[in-house]
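Below is one structure; the comments refer to it alone.
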Amino acid sequence: AQSVTQLDSHVSVSEGTPVLLRCNYSSSYSPSLFWYVQHPNKGLQLLLKYTSAATLVKGINGFEAEFKKSETSFHLTKPSAHMSDAAEYFCVVSERGAQKLVFGQGTRLTINP
Amino acid sequence: GAVVSQHPSRVICKSGTSVKIECRSLDFQATTMFWYRQFPKQSLMLMATSNEGSKATYEQGVEKDKFLINHASLTLSTLTVTSAHPEDSSFYICSARDLGPAEAFFGQGTRLTVV
């Protein structure tokens, strides 16, 4: 069975400093992994996805994530935080051929001026 | 990227009435659509999966007679909350997914308030 654990419910960083949002997954087969961002009262927007190509995935708005099979991790990073990055972030896993997405609990990112 | 349009974005209804929420995939054919409910400061909870032309598959604990889902075409799915009560007040989000390992695209969400 698939599962996703986001290790931090809340991360707070200063503007201009690096961002690290941690995600560990459990999957029986080759997974597809995604990071989505949600701003208040909005739907979810895809930041990036891993689907068995390059293990370092670059996404929108300067975010990237590295798929590490040995550590079953898919952490999201950004070199320099911007105020507009403040939002809720979800790590999501899906097994190949499976319809459903499995969501992590979410990490709320706060950016301090 | 692909666009999923959800309407309305916000609705207030009286207790006992029904509310319909629409979810449209604007530039691709969505063989599968999902309906989620999100409580404040929580993750998304999958309510049901709908496949075009067939009955929706509901998650355990979701009342199928209360939350009616119709996926009549490859671009439209609807969720009808029947006989709404204040406890049905929530944020509802749809998503659409095409075949293969593709990502899901999400609607903007609907804030339902039952008074």
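Note: hydrogens, waters and symmetry copies are ignored here, and every other heavy atom, side chains too, is used. Below, chains carry the letters A, B, ... as their sequence lines are ordered, and counting in each starts from 1.
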With a cut-off of 6.0 Å (strictly less than), are more than 12 heavy atoms of other residues, nucleotides or ligands near [atom1] of [X]?
{"X": "B:K66", "atom1": "NZ", "result": "yes"}
{"X": "B:R111", "atom1": "CZ", "result": "yes"}
{"X": "B:H7", "atom1": "NE2", "result": "no"}

**Study point:** Taking every non-hydrogen atom, the tightest pair across A:K42 and B:F91
**Key:** O-CE2, 3.6 Å
Point to revise | Minimum-distance pair of heavy atoms, taken over all atoms of A:K100 and B:R97 | key: O-NH1, 4.0 Å
If you round to the nearest 0.5 Å, how far is [atom2] of [Y] from [atom1] of [X]?
{"X": "A:S32", "Y": "B:E103", "atom1": "OG", "atom2": "CD", "answer": "9.5 Å"}
{"X": "A:L44", "Y": "B:Y36", "atom1": "CG", "atom2": "OH", "answer": "9.0 Å"}
{"X": "B:I93", "Y": "A:Q38", "atom1": "CD1", "atom2": "CD", "answer": "5.0 Å"}

Do [X] and [Y] sit in the same hydrophobic cluster, where Ile, Leu, Val, Met, Phe, Trp and Tyr count as joined when their side-chain heavy atoms come under 4.5 Å apart?
{"X": "B:L44", "Y": "A:L109", "result": "no"}
{"X": "A:L48", "Y": "A:Y36", "result": "no"}
{"X": "B:M33", "Y": "B:V19", "result": "no"}

Exercise for review: Go through the steps for A:L101 and B:F34 under the test side-chain contact (heavy atoms from CB on, under 4.5 Å), then give the verdict.
Suggested key: CA-CA 9 Å; A:L101 300 177; B:F34 303 89; 5.6 Å; no
Review point. Any donor-acceptor pair under 3.5 Å linking the side chain of B:S43 with the backbone of A:G104?
Key: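 Answer holds: yes.
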Review point. Less than 4.5 Å apart, any side-chain heavy atom of A:E88 and any of B:Q38?
Key: no
